[in-house]
Amino acid sequence: ESIEAFKRGNRPDLTKKEEEELAVLTKYLPEELPQEEILKLVMKAIEESGAQSRKEMGKVMKILLAEAKGQIDGKEASLLVLKELEKKETK
């Protein structure tokens with residue numbers, strides 16, 4: 001986020017610094033799972049939690065994040081969970 005903010009603020013010096021730090025940090029992060037694997041984990045977590053609506057999203061996320069072990073972006077995962085729970089609500 002800060003990289004984008006520095007780009008918008010026309011601060012190439014700070015942009016470069018942040019990009020270099022990000023490059024170092026990403027070497028130590030676990031590799032992200034492919035989209036189809038994330039969706040499988042989402043569906044599994046929904047099933048395990050028994051969630052039927054968006055109100056139960058917290059239960060699903062707790063299971064999902066424990067299962068994914070840092071290999072998914074939490075924001076992306078929450079959007080997928082929300083989408084799948086909304087499907088359940090409309091059935």
(request) In sequence, state the C-alpha distance, the side-chain angles, and the governing distance for E32 and E76, and then conclude on side chain to side chain contact (heavy atoms under 4.5 Å, CB included). (result) CA-CA 11 Å; E32 261 194 46; E76 178 185 346; 4.0 Å; yes
(request) For E19 and K7, run side chain to side chain contact (heavy atoms under 4.5 Å, CB included): C-alpha distance rounded to whole Å, both residues' side-chain angles, the deciding distance at 0.1 Å, then the answer. (result) CA-CA 11 Å; E19 288 173 339; K7 283 181 180 178; 3.7 Å; yes
(request) Assess whether side chain to side chain contact (heavy atoms under 4.5 Å, CB included) is satisfied between K88 and S53, documenting all intermediate values. (result) CA-CA 7 Å; K88 284 187 165 285; S53 71; over 6 Å; no
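- For the side chain to side chain donor-acceptor pair (under 3.5 Å) test, no residue two or more places apart in sequence or in another chain qualifies with Q52.
- Note: L14 CG to F6 CZ = 4.5 Å, rounded to the nearest 0.5 Å.
- With sequence neighbours left out, E56 forms a side chain to side chain donor-acceptor pair (under 3.5 Å) with K59.
- Of the inter-residue distances, the one linking T15 atom OG1 with E20 atom CD reads 11.0 Å to the nearest 0.5 angstrom.
- In this structure, K17 pairs ionically with E21, as a charged nitrogen and a carboxylate oxygen lie closer than 4.0 Å.
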(request) List the steps, then state whether side chain to side chain contact (heavy atoms under 4.5 Å, CB included) holds for I72 with L65. (result) CA-CA 8 Å; I72 61 173; L65 294 176; 4.0 Å; yes
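- Annotation for L85 and A51: closest pair CD2-CB, 3.9 Å, computed over non-hydrogen atoms.
- In this structure, D73 CG and L80 CG are separated by 10.0 Å, a value rounded to the nearest 0.5 Å.
- Interatomic distance, L41 CG to E48 CD, rounded to the nearest 0.5 Å: 9.5 Å.
- A salt bridge does not link E86 to K83: none of the charged nitrogens lies less than 4.0 Å from a carboxylate oxygen.
- The pair K40-E36 does not count as a salt bridge, with every side-chain nitrogen at least 4.0 angstrom from each carboxylate oxygen.
- Atom-to-atom distance recorded for L22:CG and K27:NZ is 11.5 Å, nearest 0.5 angstrom.
- Atom-to-atom distance recorded for I63:CD1 and E67:CD is 9.5 Å, nearest 0.5 angstrom.
- Between E84 and K87 there is a salt bridge, with a side-chain nitrogen of the basic residue lying less than 4.0 Å from a carboxylate oxygen of the acidic one.
- Minimum heavy-atom separation, G74 to M61: O-CE, 4.0 Å.
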